[in-house]
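Letters A, B, ... mirror the listed sequences (proteins, then strands); counts begin at 1.
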Protein chains: 2
Amino acid sequence: MNIDAYDCGSVKHLSTLFKLLAEPNRLKILCSLGLECRPVSDIIESTELSQTNVSFHLRALREAGLVKPERKGAFIYYCLPDPELLRLLGDFRQWLEEHQKEKLLKKNMKK
Amino acid sequence: MNIDAYDCGSVKHLSTLFKLLAEPNRLKILCSLGLECRPVSDIIESTELSQTNVSFHLRALREAGLVKPERKGAFIYYCLPDPELLRLLGDFRQWLEEHQKEKLLKKNMKK
DNA sequence: CAATCATATGCGTCAATATTCATATGCGTA
DNA sequence: TACGCATATGAATATTGACGCATATGATTG
């Protein structure tokens, strides 16, 4: 690997994390949770996904520790154990917005 | 969508970005570039991937605007148009390290 | 122009992942 | 206990994405 290559740490672990975040419905779920804890039924309603599908994605997020389940009676509430993740998502979102402005700018300038 | 749901902006665009970053070899390429501009042959050498494969991933990154090609004679140099992306990767990496110490991502790591 | 080097692209294949349907499990209440 | 609601899981299918091979394109040099 090249001398001044940037150290991304464990590429494998990073990509595992990104893979989880790369699924639109999983992102939707994370965003619909926000900083609150919500029962699965809420998530199903706000994301408009099938129960099976929500459960499937929640499992992936849960096993990765990105969401934490907590039983309350018949319901299971899910929440983010670390809201810092939302900040990171926000950073990316902001970068993306700026980045796309530039891209549009370049496109328009060429014509 | 719920009232206090977190606004992740366009989930579709975000997930497209994460999908690009979720591929280990693409991450490798980005990291091997670092802040420098390098010809494809360099990338092939430092990542130890096949020429076809590097070209394949470079195309994806290029079309998303994550890398920028620049012809110099027979060579095509690639670089990050915005080094800020490396900072974001670094943030994630750091977040990951802190959470690794706890119990996060335990199952996905074994692979 | 021919030969060669650097890089890109079309195509086929294979593996991984998302989605649905049907069904199971766990909890609260009558 | 039996029943209904909330959530999870297994099997089957559909979709996506990575990779290699062969070949094409575009630039350099003789």
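The separation between A:E63 atom CD and D:dA8 atom C1' is 12 Å, rounded to whole Å. Rounded to a whole Å, the CD atom of A:E70 is 15 Å from the P atom of C:dC27. With rounding to whole Å, B:L21 atom CG is found 14 Å from D:dG17 atom P. Atom CZ of A:F75 is separated from atom C1' of D:dG4 by 12 Å (rounded to the nearest Å). Taking atom CD of residue A:E48 and atom P of nucleotide C:dT19, one finds them 14 Å apart after rounding to whole Å. Between B:N25 atom CG and D:dC19 atom C1' there is a gap of 10 Å when expressed in whole angstrom units. Separating the NZ atom of B:K72 from the P atom of D:dT28 is a distance of 14 Å, rounded to the nearest angstrom. In this entry the distance linking CD1 of A:I44 with P of C:dT19 reads 14 Å, nearest Å.
Of the N and O atoms on the side chains of B:D82 and A:H99, not one donor lies less than 3.5 Å from an acceptor on the other residue. Side-chain contact, B:Y77 with B:R71: no donor N or O sits under 3.5 Å from an acceptor N or O.
In this structure, B:S41 reaches the sugar-phosphate backbone alone: every heavy-atom distance under 4.0 Å involves primed, P, OP1 or OP2 atoms, never a base.
OP1 or OP2 of C:dG10 has at least one side-chain nitrogen or oxygen of B:R59 nearer than 4.0 Å. The shortest distance between the side-chain N/O atoms of B:S50 and the OP1/OP2 oxygens of D:dG20 is below 4.0 Å. Between B:H57 and D:dG17 there is no side-chain polar atom (N or O) within less than 4.0 angstrom of OP1 or OP2. One finds a side-chain N or O of A:Y78 lying less than 4.0 angstrom from the OP1 or OP2 phosphate oxygen of D:dA8.
With DNA chain C read from its 5' end, the first of the two nearest nucleotides for A:T52 and A:R26 is the one closest to A:R26. Nearer to the 5' terminus of DNA chain C, by closest-nucleotide assignment, is the contact made by A:F56 (compared with the other of A:A74 and A:F56).
With distances taken from any side-chain atom of B:R62 to the nucleotides C:dA8, C:dG26, D:dG20, the minimum falls on C:dA8. Side chain of B:N53, nearest nucleotide from C:dG10, D:dT7, D:dC19: D:dC19. Listed nucleotides: C:dG10, D:dT7, D:dG10. Nearest to the side chain of A:I76: D:dT7. Among the nucleotides C:dA22, C:dA8, D:dA18, the one closest to any side-chain atom of B:V40 is C:dA8.
Remark: the A:Q51 side chain and the D:dA8 base include a donor-acceptor N/O pair separated by less than 3.5 Å.
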Subject >> Stepwise side-chain contact (heavy atoms from CB on, under 4.5 Å) check, A:V11 with B:N25 >> reply: CA-CA 8 Å; A:V11 162; B:N25 290 332; over 6 Å; no
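Taking the six-membered ring where the residue is Trp, A:F92 and A:W95 present perpendicular rings, their angle passing 60° and hence far from 30°.
A:R59 has its side chain out of reach of A:S55: every pair of non-hydrogen atoms, C-beta onward, lies at least 4.5 Å apart.
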